[in-house]
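Numbering starts at 1 and runs along the sequence shown.
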Amino acid sequence: MTDREIEVGVFLALMTLVVLVGFGAARWRRPADPYDIEEWSVGGRAFGNWTIWFLLGGSMYSAYTFIAVPALTYGVGAIGWFAVPFAIVTTPLTFYFTTRAWSVARRHGFLTHSEFAAARFGSPGLGALVAITGILATIPYVAVQLISLQAVLRTIGFGGEWPLLAAVTLVSVCTFRSGLRAPALLSVVKDVLLGWMLLTAVLMVAMYGGWGSTFRIAAVRFAASPNPADGLLLPETGHLGFLTLVIGSALAIFAYPHALVGMLAAKDRDTVRRNAAALPVYCAALAVMALLGFFALAQGVTPADGDLNTVVPRMIHEYFPAWSAGIAYAALSIAALIPAAVMSIAAANTFTRSLYRTYLRPGASPAAEAWTSRWMSLFVKFGAAGLILAVDPAFSVDLQLIGGVLILQTIPAVFLGLLTGWFHRVALAAGLLSGLAVGLVLMWDIPKLDATGRVVAEHFGGASWSLGDGRTIYVGIVALAVNLLVTAALTLLLKAAGAAEGRDLTRPDDYLADAGDPYLKRLDELIDGLPTAAERRESVG
């Protein structure tokens, strides 16, 4: 057998195993009530430490980590390193804020940020606005995963659109059938394969001169590049852009709908806290992957057809043993499919709970909710596939950063809402809309550049806005600043005018509740108006 045949054979064998595990996950810890949206979307809120550990790694450290970030460091150098400090900053935020989110969500039966915002500020309209923003922001993030998957498939030899659509169809069917249980089980497989890939990569670097040689050669190649913004070190004008990317990305990742799904599947607060504290282990893996972009540049790896997203797969093909390359391809593919599945589940829950049940069918049964979420999850994945067929970003990470500009505008209602209910609901809605408007206007003004810095399109070329003196700033931070200013000023004006405020359905002790709390089930049924256990049995029957 040729090396290519071995690569493809190992890859196909492992992906067949993945599909079988995804289908079989529906029988893992099979729920008594399979028609319950909580069983389908958050595993019945009963996952333990190890399951949550792998699930969080699978959903939060995705193909963005293993494909998009190395492509960015390969193409522009040090600026791509922003993903590492942003992941580190995210850890303490997750440790504190996610435990509060888990508790209030567990008491009230929330599955989404938008439900919390509606209850916290007494405004279903605000919840709907947060929901729509979250869905629109999630689709580009799913697209990042699918672009990465497409890069792997192209490198293996499966070019064209049909392999991507076939892969999306398979993961869609698995998610439709098994819900969160499928990505939870597959995350274990993914981490084992990725661990092998990282070990092989580190050994590969050592065999080809080590990091010292890598940095020296990469520096020479950047010096010869026509792009003045690239290099191993940030240029003098690059500090502001780097810092705002770190801050904006760290805040945005918490606000995405999928960031909550994995944590809500945890059985208690201690499980959430332990896993949040252990997340820096994945930060180390992210740092290694970012450095591999420099290694690929130093070794002269050439991306397929100029697509920088193929840099890591091409490096694997050229420097890994054939059988190990097949394992790495499978690992990268699973790293794309798992977060795509979790993100689609989160977006589907957001639509079902804050739009469908609130406005379209208020009396929907649990079975109707579950089926609506399942079908909506298909729409999100295929919508993301359509997006990547319609656009061609120079760096796939740009899609995630554009989505981040949108999701950052929910921070006052979602992130700050976990700390205070002081803001007025009207002010929050006005601030969110103002931030979205500013963000879209600024992104419209950003030209699209290729890897050499040449302008190839006039609009929506990324999320870093030029200040005119060589410096850039992340659009999401500017839009969020406008959002907060409008929200705070309008809240003061409305409170001074005596405008009616929404009724806060949460209480201070809700944010500290843990498993076994006697109010959990009672508040599910009496405050939120969810069906009682008897009503659920009747709807299934």
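Take F54 and apply the ring pair (Phe, Tyr, Trp, His ring centres under 6.0 Å) test, not counting sequence neighbours, and it matches no residue. Y282 is linked by a ring pair (Phe, Tyr, Trp, His ring centres under 6.0 Å) to W53, Y61, counting only residues two or more places apart in sequence or in another chain. In this structure F320 satisfies the ring pair (Phe, Tyr, Trp, His ring centres under 6.0 Å) test with no other residue, sequence neighbours excluded. The salt bridge (Lys or Arg N to Asp or Glu O under 4.0 Å) check on R274 picks up nothing, with sequence neighbours excluded. Residues passing the salt bridge (Lys or Arg N to Asp or Glu O under 4.0 Å) test with R45 are E38, sequence neighbours excluded. Residues meeting the salt bridge (Lys or Arg N to Asp or Glu O under 4.0 Å) test with R471, sequence neighbours left out: D469.
Summarising the geometry, atom CG belonging to L193 is positioned 10.0 Å from atom OG belonging to S324; distances are rounded to the nearest 0.5 Å. Atom-to-atom distance recorded for L297:CG and L308:CG is 10.5 Å, nearest 0.5 angstrom. With values rounded to the nearest 0.5 angstrom, N309 atom CG is found 9.0 Å from Q150 atom CD. Atom NZ of K267 and atom CZ of F47 lie 12.0 Å apart (nearest 0.5 Å). In this structure, CD1 in I88 is found 12.5 Å from CG in L93, a value given to the nearest 0.5 Å. Here Y474 contributes atom OH and T244 contributes atom OG1; the two are 9.0 Å apart, rounded to the nearest 0.5 Å.
Panel note: side chain W465, backbone T472; no donor-acceptor pair is recorded below 3.5 Å. In this structure a side-chain-to-backbone donor-acceptor pair under 3.5 Å is missing from S249 to V246. Although no hydrogens or angles enter the test, the distance criterion places no donor-acceptor pair under 3.5 Å between the side chain of R221 and the main chain of Q299. Within the 3.5 Å criterion, the main-chain N or O of D307 finds no donor-acceptor partner in the side chain of D305. The backbone N or O of L416 lies less than 3.5 Å from no partner atom in the side chain of T420, so there is not a single donor-acceptor pair. Formation of a donor-acceptor pair under 3.5 Å by the S213 side chain with backbone atoms of G210 is not found in this model. When atom types are taken as modelled, the side chain of H258 and the backbone of T138 share no donor-acceptor pair closer than 3.5 angstrom. Panel note: side chain S178, backbone G22; a donor-acceptor pair is recorded below 3.5 Å.
When only modelled atom types and interatomic distance are considered, N349 and T112 share no side-chain donor-acceptor pair under 3.5 Å. No donor-acceptor contact under 3.5 angstrom links the side chains of T310 and R154, judged on distance only.
Using a 4.5 Å cut-off on side-chain heavy atoms (C-beta onward), M315 and L292 make contact. Here the side chains of F95 and L279 are not in contact, with every heavy-atom distance at 4.5 Å or above. Side-chain atoms of V19 and M15, non-hydrogen and from C-beta on, never get closer than 4.5 Å to each other. Residues T169 and F382 form a side-chain contact, since some pair of their non-hydrogen atoms from C-beta on lies under 4.5 Å apart. At least one side-chain heavy atom of I316 sits under 4.5 Å from a side-chain heavy atom of L332. Under the 4.5 Å side-chain criterion, counting only non-hydrogen atoms from C-beta, C283 is in contact with T91. Taking 4.5 Å as the limit, every side-chain heavy atom of L245 sits out of range of all side-chain heavy atoms of F86. Residues R181 and W40 form no side-chain contact, since every pair of their non-hydrogen atoms from C-beta on lies 4.5 Å or further apart.
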Residues 339-346, side-chain donor-acceptor partners within the protein, below 3.5 Å, at least two apart:
unit_1, atom_1, unit_2, atom_2, d
S344, OG, A340, O, 3.2
S344, OG, A341, O, 2.7
S344, OG, K381, NZ, 2.8

When the side chains of residues 74-82 are checked against the rest of the protein, which donor-acceptor pairs come out under 3.5 Å, sequence neighbours left out?
unit_1, atom_1, unit_2, atom_2, d
Y74, OH, V301, O, 2.6

Contacts table for residues 197-206: side-chain donor-acceptor under 3.5 angstrom, sequence neighbours left out:
unit_1, atom_1, unit_2, atom_2, d
T200, OG1, W196, O, 2.8
T200, OG1, W196, NE1, 3.4

Return all side-chain donor-acceptor pairs below 3.5 angstrom for residues 401-412, not counting sequence neighbours, or 'none' if the list is empty.
unit_1, atom_1, unit_2, atom_2, d
Q409, OE1, N483, ND2, 3.3
Q409, NE2, V405, O, 2.9
T410, OG1, I407, O, 2.7

Evaluate side chain to side chain contact (heavy atoms under 4.5 Å, CB included) for I338 paired with S187, printing each intermediate quantity in order.
-> CA-CA 7 Å; I338 290 173; S187 293; 3.7 Å; yes

When you look at F11 and E7, which way does the side chain to side chain contact (heavy atoms under 4.5 Å, CB included) test go after all the steps?
-> CA-CA 6 Å; F11 169 76; E7 285 180 358; over 6 Å; no

Where do L419 and F97 land on the side chain to side chain contact (heavy atoms under 4.5 Å, CB included) test, with the steps shown first?
-> CA-CA 9 Å; L419 300 177; F97 284 97; 3.6 Å; yes

Stepwise side chain to side chain contact (heavy atoms under 4.5 Å, CB included) test for V475 and V478 | CA-CA 5 Å; V475 168; V478 178; 5.6 Å; no

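The two atoms that bring R269 and R100 nearest to each other are NH1-N, 4.2 Å, heavy atoms only. Here the shortest heavy-atom pairing between K190 and A335 reads CE-CB, 4.1 Å. A101 approaches L260 most closely through the heavy-atom pair CB-CD1, 3.9 Å. Across all their heavy atoms, A250 and T90 have their closest contact at CA-OG1, 3.7 Å. Taking all atoms of both residues into account, the shortest heavy-atom contact from Y329 to V152 is O-CG1, 3.9 Å. Between V168 and S172, the shortest heavy-atom distance links the atoms O-OG, 2.6 Å.
Pairs of residues two or more places apart, or lying in two chains, that qualify as salt bridge (Lys or Arg N to Asp or Glu O under 4.0 Å) and include a residue from residues 316-339 are R314-E318. Under the ring-ring contact (aromatic ring centres under 6.0 Å, His included) criterion, the residue pairs touching residues 206-244 are Y208-Y319, with sequence neighbours excluded.
We find that D514 and R106 are not joined by a salt bridge, their nearest charged nitrogen and carboxylate oxygen being 4.0 Å or further apart.
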